[in-house]
Amino acid sequence: MSERLAHFVSEAPFDPLEVETLTAEQERFYMASQWRMMWWRLKRHRLAVIAGLALVLSYFSILITEVLAPYDLHTRNIDHIYAPPQLVHFFHEDRFVGPFVYGFDYTLNLEILKKEYVPNPAKVQRLRFFCRGDDYVFWGLIEGDRHLVCPAEGGTMFLLGTDRLGRDMASRLLYAGRISLTVGLFGIAISFLLGITFGGVAGFFGGWVDNVVQRMIEILRSLPELPLWMALSAALPVTWSPILVFFAITIILGLLDWPGLARAVRSKLLALREEDYCAAAQLLGARPSRVIARHLLPNFMSHLIASATLSIPSMILGETALSFLGLGLRPPVTSFGVLLTEAQNIEAVALYPWLMLPMLPVVVTVLGFNFLGDGLRDAADPYAEL
Amino acid sequence: MFGYLVRRVLTMILTLVVVSALVFVIIQLPPGDYLTSYIDELQSQGEIVPAAKIEFLRSHYGLDRPLIEQYWIWVTGLIQGDLGYSFEFSLPVTDVVGDRLLLTMVLNFSTILFIYVVAFPIGVYSATHQYSWGDHGLTLIGFLGLATPNFLLALVLLYLANVWFGTSIGGLMAPEYLEQPWSIGKALSVLEHLWVPVVVIGTSGTAGMIRRLRANLLDELRKQYVVTGRAKGLPTGRLLLKYPLRMALNPFVADIGSLLPQVVSGSVIVSAVMSLPTTGPILLSALQSQDMYLAGSFLMFLALLTVMGIFLSDILLTALDPRIRLQGGVQR
């Protein structure tokens, strides 16, 4: 009745993509790595991309501060103390002359003892580009005197005004950015290290280790951060050099910030250590440090980076606050907070409001990190549905 | 509930012990003991320090004894209300502090109150009117509020008040009440001056709170029981108040744990900028002159304030939310 069918083998070569051939485009999409997918997801977050670009630009600018800043950090212009910001003009008497500023006429208002500077339209001072200006030592290594932009010979260019010693605010802001922006990075590196170590140990071993770390986290989180920072930095010996103080401050900032990260690491590890691949690695004889760093952490590295981005602002703000109060960095090291100490004298600020300008970069940086962090957090899990 | 209370009180005491040890370490951090630096300072000013005074201080604070013993003396002193001795003022700390502790508590409490009162309606509005112009505008303001550090905000306000009104908005009461005993007039004057620092300190907390409340409420509003309620024809206001809002309120109370340290931190620096008669400026000057006993007592007080606040909010939370298990232990 039933005849057995002959064994059939197709002669055609086997092609797994026969049913559905992937175009190059599709292949790129399906084979994309996790990081590439995160990048795609991040790109859709318009605000985060803009913030990221702004941050990249500002971090790039601190690499070449010496060239960007028209003056040196400490150059004093004793003829121009508390000079107001000079506007850059392009047209003089309806004639195009290129970028220039008007020179100042100086009078002292004896009634309120205010130094008054009036732009004089007769003094047209054309800006020079790629010019020779104040000497500097680039990153403390290479001597140079080339600047991107300088004032005219014998002229001035205070785009953001000058301070009580006649130092150019714009240049000082650029130099301050170098310190303030790196404080955040150093601090977060320390806090990252501590957070991963403590969180990793607590989550991986559990038991009493976990208990101890948990209590530590709880105690640290229930303390007001700023007064502790203040106390710790006040305890730094006065004899330390400013550079040493800078590193000490970053360590202090990082020392109190790790509990949030440690908590995240711990809760993830508690769940992940039960996975089979983790047990396999252990059976193969991997030490805990290797299992944690090699097999467990990469699972949620993206989340960690996102939350680290979100906590950089608190470091920058902490440094600004400490320096502002006079407990943090000390001149000649200059940060936004150090610049803002000048603004503590409210009478001076009322007469010369541009002393408050260092606030702007602080707010912009903090906003930037917040937007970027929000975008990264959304992108951190690229497989989730939107 | 009683067992939970006891356990919670015990952990709080443990926390405070650890904190006090931490604070004591900080007090000891500057090289040399504080008495030597104090004597150095006096001698550099050409003053002669009476040997009897040095002897008295040294034995009173047990500076000649081992560290553990010193710590013990300090802590037992704290418990008995002896906050130590301020070298800068040459007075016991308790006399330096005066009203400041009370005013600090008033300031912090009013700020928390302000944050709740403002964040609540705005958060609800933002969530119920998601993506409306009002919501976008409030979100933007919230972001700015989060990004502007409160001491800078204080500075801007001081500047504006100086330029526009020619007055100073610093201080917490009219000048004529400064050294006066408490009276109705003084209390009213404090209330009058209180709102500026409260707004300044509360801004970032409010912004954060609005964002969290909005997110929580949005999550709840998308759930099925809300749809069901709406389908049954419940009036919008009642539907909102009766179910989703109650669910969203939970983190509102729990958040005090993170809010309180933030507010206390903020109040310290804002007080220093606006020269309010709270613990902030004295803490700052004590730290600057390394008057460590005074600073330590203030630190301890601030920590006590936050730990107590968090304790109270935990108790409140368990009372509010029947779902919270008191026995602890994760069931897997």
Side-chain angles (χ1 to χ4, degrees), chain A residues 47 215-216 218-239 260 270-271 274 313-314 316-318 320-322 324-327 336-337 340 343-351 353 355-356 358-360 362-371 374, chain B residues 11 14-15 18-19 22-23 26-31 143-144 146-152 155-156 158-159 161-163 166 168 170 257-258 260-269 272-273 279-280 283-284 286-290 292 295-296 298-299 302-303 305-307 309-311 330 332:
Chain A
L47 213 50
R215 291 293 91 72
M216 256 160 65
E218 261 166 40
I219 290 174
L220 274 183
R221 278 175 78 98
S222 69
L223 290 179
E225 251 181 352
L226 188 72
L228 262 187
W229 277 341
M230 284 164 63
L232 282 173
S233 43
L236 295 179
V238 196
T239 45
L270 273 182
E274 308 290 329
S314 75
I316 295 180
L317 285 183
T320 309
L322 285 179
F324 175 74
L325 291 176
L327 292 172
F336 294 142
L340 278 171
Q344 266 178 342
N345 179 354
I346 209 71
E347 280 78 30
V349 174
L351 292 182
L355 290 179
M356 285 205 296
M359 266 182 212
L360 276 184
V362 176
V363 173
V364 169
T365 325
V366 170
L367 264 185
F369 272 113
N370 270 321
F371 285 138
D374 270 356
Chain B
T11 37
L14 183 76
T15 310
V18 175
V19 169
L22 207 69
V23 169
I26 293 176
I27 292 180
Q28 295 288 346
L29 268 183
F143 255 124
L144 280 178
L146 269 181
T148 316
N150 41 28
F151 65 101
L152 294 188
L155 214 56
V156 171
L158 281 178
Y159 166 71
N162 196 315
V163 171
S168 166
S258 60
L260 207 60
Q262 190 190 343
V263 166
V264 169
S265 279
S267 78
V268 167
I269 187 165
V273 173
T279 51
L283 175 65
L284 180 64
L287 285 172
Q288 274 164 346
S289 61
Q290 301 214 330
M292 292 315 262
F298 277 131
L299 270 183
L302 293 178
L305 203 65
T306 37
V307 172
I310 291 167
F311 170 72
V330 186
R332 292 176 57 115

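What you are looking at is a predicted structure, and each value in this text was computed from that prediction instead of being measured.
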Please classify the contact of [X] with chain B as side chain, backbone, both or neither, using a heavy-atom distance under 4.5 Å.
X: A:Phe371; result: side chain
X: A:Leu228; result: both
X: A:Val364; result: neither

For the candidates [options], which exhibits the highest count of non-hydrogen atom pairs separated by less than 4.5 Å from chain A?
options: B:Leu299, B:Leu14, B:Val307; answer: B:Leu299
options: B:Leu302, B:Val268, B:Leu155; answer: B:Leu155
options: B:Leu22, B:Val23, B:Thr148, B:Leu284; answer: B:Leu284
options: B:Leu152, B:Val264, B:Ile26; answer: B:Leu152

Handout entry: Distance (rounded to the nearest 0.5 Å) between B:Leu283 CG and A:Met230 CE
Key =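 Nearest 0.5 Å value for the CG-CE distance: 4.5 Å.
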Problem - Straight-line distance of B:Thr306 OG1 to A:Glu225 CD, nearest 0.5 Å - result: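 The CD atom of A:Glu225 is 12.0 Å from OG1 of B:Thr306, to the nearest 0.5 Å.
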Handout entry: Where B:Ser265 and A:Pro227 come nearest, the two heavy atoms and their spacing
Key =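 Heavy-atom minimum between the residues: OG-CD, 3.5 Å.
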Problem - From CA spacing to verdict: side chain to side chain contact (heavy atoms under 4.5 Å, CB included), B:Phe151, A:Thr320 - result: CA-CA 10 Å; B:Phe151 65 101; A:Thr320 309; 3.9 Å; yes
Problem - Min side-chain heavy-atom separation B:Pro261-A:Leu226 under 4.5 Å - result: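 When only atoms from C-beta onward are counted, A:Leu226 and B:Pro261 do not touch, as no gap falls below 4.5 Å.
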Practice task
Let me see the working for B:Val156 and A:Met359 under side chain to side chain contact (heavy atoms under 4.5 Å, CB included), right down to the final yes or no.
Solution key: CA-CA 10 Å; B:Val156 171; A:Met359 266 182 212; 3.6 Å; yes
Practice task
Could you look at B:Ala303 and say if it's the side chain, the backbone, both or neither that has a heavy atom under 4.5 Å from chain A?
Solution key: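 Both parts, backbone and side chain.
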